[in-house]
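Have a look at the structure below, then the notes.
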Amino acid sequence: YYTTLTSLCDNSTFRWTIKHSFSKKTLAKPGVKNIVLVDGVRTPFLQSGTTYADLMPHDLARAALQGLLNRTGLPKDAVDYIVYGTVIQEVKTSNVAREAALGAGFSDKTPAHTVTMACISSNQAMTTAVGLIAAGQCDAVVAGGVEFMSDVPIRHSRKMRKTMLSLNKAKTLGARLSLLGSIRLAHLSPELPAVAEFSTAETMGHSADRLAAAFGVSRLEQDEFALRSHTLAKKAQDGGMLSDVISFKVPGRDIVSKDNGIRPATMEQLAKLKPAFIKPHGTVTAANSSFLTDGASAVLIMSEEKALAMGYKPKAYLRDFVYVSQDPKDQLLLGPTYATPKVLEKSGLTLNDIDVFEFHEAFAGQIMANLKAMESDWFAQTYMGRKTKVGAPPMEKFNTWGGSLSLGHPFAATGCRLVTTVAHRLQKEGGQYGLVAACAAGGQGHAMVIEAYPQ
Amino acid sequence: MASVRLLLTRRCCTALKTTTARTHVSYEVKDNVAVVRINDPTSKVNTLSRHMQAEMVEVMNEIWGNAAVKSAVLISRKPGCFIAGADINMIQACKTAEEVTSLSQEGQKIFDQVEKSPIPIVAAINGSCLGGGLEFAIACQYRIATKSKKTILGTPEVMLGLLPGAGGTQRLPKMVGLPAAFDMMLTGKNIRPDKAKKMGLVHQLVDPLGPGLKSPEERTIEYLEEVAVDFAKGLAGRKVTVEKKKGLVQKIQDFVMGLPPVRKQIYKTVHSKVMKQSKGLYPAPLKIIECIQTGIEKGNAAGYLTESQNFGKLAMTSESRALIGLYHGQVTCKKNHFGKPERDVKKLAVLGAGLMGAGIAQVTIDKGVATILKDTTEEGLARGHQQVYKGLNDKTKKKSLTTFERDGIMSLLSGQLDYRDFENADMVIEAVFEDLSIKHKVVKEVEAVIPPHCIFATNTSALPIKDIAAASKRPEKVIGMHYFSPVDKMQLLEIITTNKTSKDTTASAVAVGLKQGKVIIVVGDGPGFYTTRCLAPMLAEAVRALQEGVGPKKLDSLTTGFGFPVGAATLADEVGIDVAAHVAEDLGKAFGTRFGGGNVEVLKMMVQKGFKGRKSGKGCYVYGAKSKEKKVNSGAEDILKSFKLTAPPAVSADEDIQYRLVSRFVNEAVLCLQEGILPDPVQGDIGAVFGLGFPPCLGGPFRFVDSHGADKLVQKMKRFEEAYGNQFTPCQLLLDHAKDSSKRFHK
């Protein structure tokens with residue numbers, strides 16, 4: 001892979017890479033299969049309740065899968081396995097992977113399973129695929145994720161469910177009537193799903209606000225970061241960088257081909273908003289948080305041999321990855337802080353080796369808190385058992401095509417977007433290594449190192 | 001330092017005294033907001049001592065004199081404490097009611113100035129905000145509290161036999177309404193932040209923060225200050241209003257409370273409720289009612305005057321002294337006087353999953369210590385496991401625990417039927433049946449499986465520890481840990497050491513008890529140790545009274561009328577008639593006729609008939625029916641009739657019966673001190689009040705002797721002695737005190 005480096009250095013348009021010398025020339029390890037990202041696509045990410053409103057989750061997932069087939073020209077029976085992520089489950093399609101795959105025209109001989117790990121569900125789908133390939137069980141796996149917030153399962157109350165289930169068993173008319181008679185007004189209040197931790201009952205926005213306060217992140221810093229995200233996303237969208245987005249003809253509606261949540265505003269407009277979670281003195285607002293989004297993503301992951309044998313030009317190598325977890329109350333969203341140094345160590349890289357950072361932006365306050373935590377020796381020593389801080393990524397390499405705040409965040413679809421974006425940015429901007437990091441509900445986190453495929 | 005710097009910038013025109021460095025109160029001006037920080041460097045908590053008050057007055061005057069200051073924030077630098085109250089020692093040092101009244105008036109004056117402050121003052125509360133601390137806070141214009149578990153607000157003065165004497169009785173009713181104010185001041189209960197917000201006691205809540213670039217505690221206080229400063233600015237700029245919009249319910253309530261006959265009815269109801277609960281033995285609640293009533297009906301001036309005068313009067317009462325004595329005693333008994341044990345108990349094993357065993361397991365896992373609960377039968381184990389679960393689950397219902405915390409705590413409990421993992425236990429507490437041969441068997445079985453360092457503690461209520469230790473290969477590791485039922489509610493732990501018990505074993509047992517949240521007395525070995533030994537003669541006397549025809553209800557009302565929280569007959573049912581019989585017989589054998597009185601056969605017969613007390617549904621009373629009115633068990637009455645004794649009229653008046661019961665208790669307590677079972681009177685008082693329900697208003701048997709007069713008590717006992725014999729013979733130490741009135745148990 002010496003060529004990789006020279007080809008990079010030859011490219012004089014990226015002057016900073018000339019001076020750059022990596023700790024390692026490649027992360028290929030002897031005796032370990034090279035696993036590659038062949039390609040990745042996603043449906044446009046839309047604010048929930050807009051054009052996708054009448055679909056079901058598997059419809060969106062199917063669109064992404066079909067888009068991947070179209071983009072790669074992959075023979076449908078060449079896929080060994082499908083892994084798909086989702087967070088808020090539609091009960092009718094609890095294995096949404098299978099339902100979507102069947103409709104997308106994959107062979108009915110291709111098994112599919114669904115994974116869930118909150119906002120890193122499709123990261124989990126991808127690393128599951130990596131595992132299947134590394135273990136020699138599969139050669140070509142499709143991974144992805146879908147989230148559909150336009151419709152969520154709203155349930156009857158537990159009392160009502162209990163009554164209804166008993167009703168099934170009631171044998172006589174009298175028994176049924178007495179059960180019906182037992183229904184009270186309280187039975188009728190529904191149960192709504194909340195973006196809240198089950199263990200602490202705290203909503204994520206509330207936790208993000210506390211986290212921002214804990215790290216002394218000001219409202220201004222958050223609004224500035226949110227504005228940065230929207231501005232960069234707009235630039236990327238207008239500049240045609242978001243090539244992972246496929247067009248999707250929504251049944252009964254128009255063709256959708258653009259994310260619709262990108263809205264660069266002014267700082268004055270952002271400053272006017274009232275805090276959304278901690279009132280009246282909080283700092284997290286609707287504008288500096290990621291919004292409820294519908295969307296799906298999919299990637300094709302193969303062993304390098306297989307990809308080459310099938311005539312593909314892979315986009316990137318998927319290298320080391322880690323999952324971390326910590327206190328779901330006070331450190332709910334600090335996953336990237338914990339995961340980044342761990343995955344770098346595993347790869348034998350330093351922060352300086354990374355050319356492209358893609359972090360999941362749950363909240364501007366969460367990103368800023370993570371950056372401050374990564375810059376803090378005290379935090380590293382007191383809470384992470386490390387000798388020194390890992391350091392914060394330089395902003396010029398960080399989420400330069402926008403992020404979840406602006407592009408949208410369909411929970412289980414975001415992971416694939418991050419990885420595909422890293423691959424595309426490495427191709428466009430040049431560079432050897434990219435790093436993906438994300439936080440997730442439950443106080444978990446993930447990071448993965450991605451290596452550019454020789455051009 | 002901040003204050004010094006500030007003075008320099010202010011052209012240092014104030015008098016000399018202000019230039020001396022302040023140690024308790026400091027302030028800095030941030031953006032026209034004076035941030036006043038309190039921190040008593042000599043203590044873990046802030047109290048409104050004379051020193052603190054003086055510095056506070058100085059600082060406030062400087063702030064009020066500074067035209068640049070538009071608002072102020074009052075905050076503590078201690079993570080767990082805003083202001084925990086007035087300095088009790090300051091009150092105790094006063095010799096007369098007038099002195100205390102003038103203390104109260106000084107406090108009233110300061111807080112009156114705070115209330116009338118020309119600039120808004122925001123109290124930023126994190127940690128305990130109690131008594132005088134709360135009175136300070138409610139004199140401020142705005143209150144912000146953290147939702148930390150440590151943040152509690154309340155007026156606990158009543159528990160010390162006092163009242164909120166710095167304007168509390170006057171301001172609280174106006175702030176939270178009459179019913180809530182009564183509730184707070186008469187019960188002294190702690191109010192958590194969420195409730196305080198709902199009640200209108202605080203205006204805003206601030207979430208406690210997790211780790212950031214500083215420790216959570218440090219950063220939370222900083223954050224609270226930041227938020228408070230913002231609100232202070234808002235108040236000064238009139239962007240924040242203090243007035244809360246009143247809901248319909250509130251408006252109706254205000255209207256109703258505005259009607260004098262309604263208020264009159266409330267005073268009456270509260271008064272009769274207090275009389276019913278306190279039996280008129282506690283003066284403080286009545287004085288509190290008087291203060292509130294005067295303030296509302298006769299206006300501020302009269303209200304404040306009544307408050308300060310009543311405060312002075314209460315401080316001089318024996319009840320207040322007794323309660324304050326108990327407070328100090330409790331503080332002492334929450335310390336380990338035996339040093340740090342060589343190793344921490346990280347794994348505890350409890351033998352026997354009965355009421356006691358399960359209770360011990362619950363309070364242990366609750367504090368994060370892994371616990372094995374072993375029983376011999378699956379049914380017993382399941383029952384014990386359920387008891388622990390229920391105990392914790394009830395806390396989730398009260399929201400003091402989340403269901404996840406409950407589950408996490410439960411995961412520390414390992415219920416089992418065998419001795420698996422005992423090789424890793426650091427301490428074993430046995431709570432098996434009270435039978436010496438069973439205990440011996442257990443000692444041998446356990447010692448075969450535990451590691452050499454492991455401590456063997458026995459939770460017996462009467463068997464001498466040295467007798468149990470006789471079966472042990474290592475008596476230095478054997479100790480008694482006598483818990484009280486229900487273990488999760490009763491605060492006392494009586495630790496019993498034999499002359500072979502090592503100091504480290506004692507230190508370790510005390511450390512475990514403290515971790516379990518217990519108030520601990522450490523006593524010497526002997527039949528019945530201290531607590532059981534005091535209780536047994538009193539119960540024997542109770543049985544005699546029953547035999548003499550005093551009905552259970554009458555007996556209960558006589559004992560509760562003396563200040564015991566639970567009547568003697570009910571207590572016997574709670575303890576268990578079988579246990580009482582067992583103990584009476586054992587101690588009767590050990591101590592002879594001094595422990596006589598009632599006939600043990602009465603108890604034995606009751607046990608035979610299945611009247612084992614509450615646990616069996618019948619004892620002196622019948623239990624089970626949901627009706628509130630307890631019914632006397634006619635079966636027990638029949639038994640009592642068959643053992644009927646004639647009551648000697650000379651010693652059978654109501655008061656005589658009360659003193660017969662109490663004097664036997666007290667005499668035995670004093671004898672325990674005389675014999676060295678008890679190390680000191682403080683632990684004697686704490687043990688009697690916290691373990692046996694000795695009337696708190698009397699402060700325990702020793703304080704009772706001091707305040708009642710040993711001579712008077714001896715006189716009464718001599719009279720009883722004539723009628724009944726040696727059960728009433730005063731012990732030597734009591735006689736010594738009777739002879740010389742300068743001898744006192746408490747200085």
Side-chain angles (χ1 to χ4, degrees), chain A residues 196-203 205-221 274-275 277-284 326-334 337-338 365-366 368-385 389 392 442-443, chain B residues 73 122 124 126 142-149 193-194 197 202-235 237 239-242 244-245 396 399-411:
Chain A
E197 282 298 296
F198 187 65
S199 62
T200 61
E202 186 180 23
T203 62
H206 196 279
S207 192
D209 204 320
R210 286 198 306 116
L211 184 74
F215 282 92
V217 178
S218 69
R219 167 75 184 267
L220 185 71
E221 283 175 277
K274 287 197 170 148
F277 302 98
I278 293 184
K279 297 163 189 171
H281 54 270
T283 52
V284 173
Q326 62 283 336
D327 170 23
K329 176 149 184 66
D330 288 332
Q331 303 189 32
L332 181 71
L333 305 172
L334 286 181
T337 299
Y338 282 87
Q366 164 259 336
M368 297 313 290
N370 272 283
L371 297 182
K372 293 193 185 209
M374 292 165 89
E375 264 303 324
S376 164
D377 278 325
W378 184 84
F379 188 85
Q381 285 153 7
T382 316
Y383 290 96
M384 297 169 66
K389 65 186 181 183
Chain B
V73 167
V122 178
N126 181 50
Y142 206 78
R143 283 162 296 286
I144 302 176
T146 66
K147 285 200 246 177
S148 156
K149 279 196 173 175
D194 285 325
K197 172 101 192 291
V202 301
H203 298 88
Q204 296 294 340
L205 296 179
V206 165
D207 289 278
L209 301 179
L213 300 176
K214 288 176 184 168
S215 78
E217 295 76 26
E218 201 182 338
R219 178 60 195 144
T220 298
I221 293 186
E222 235 181 51
Y223 178 53
L224 171 66
E225 185 181 307
E226 288 164 16
V227 173
V229 164
D230 272 352
F231 274 102
K233 282 185 202 162
L235 284 162
K239 281 176 201 144
V240 175
T241 48
V242 178
K244 204 176 78 173
K245 264 180 258 162
T396 68
K399 303 221 165 129
S400 61
L401 212 62
T402 69
T403 55
F404 264 73
E405 284 163 340
R406 174 201 66 203
D407 295 346
I409 293 168
M410 276 306 282
S411 72

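Letters go in sequence order (proteins before strands), and every chain restarts at 1. As the structure is a computational prediction, the values presented were derived from the model and not from experiment.
For Tyr383(A) and Tyr338(A), the gap between ring centers reaches or exceeds 6.0 Å.
Heavy-atom pairs under 4.5 Å with chain A peak, among Asp230(B), Asp207(B), Thr402(B), Val227(B), at Asp207(B). Among Pro280(A), Ala201(A), Ala369(A), the residue with the largest count of heavy-atom pairs under 4.5 Å with chain B is Pro280(A). Among Gly210(B), Gly212(B), Ser215(B), the residue making the largest number of heavy-atom pairs under 4.5 Å with chain A is Gly212(B).
Taking the charged nitrogens against the carboxylate oxygens, Glu375(A) and Lys372(A) have no contact shorter than 4.0 Å, which rules out a salt bridge. Electrostatic pairing of Lys149(B) and Glu405(B) counts as a salt bridge here, judged by a charged N lying under 4.0 Å from a carboxylate O.
For Ile278(A), the part lying under 4.5 angstrom from a heavy atom of chain B is the side chain only. Only the backbone of Lys279(A) comes within less than 4.5 Å of a heavy atom of chain B; no side-chain atom from C-beta onward does.
Counting all heavy atoms, side chain and backbone alike, Ile144(B) lies closest to Ala228(B) at CD1-CA, 3.7 Å.
Exactly one of Val284(A), Asp330(A), Val217(A), Leu334(A) qualifies for a side chain to side chain contact (heavy atoms under 4.5 Å, CB included) with Leu211(A). That residue is Leu334(A).
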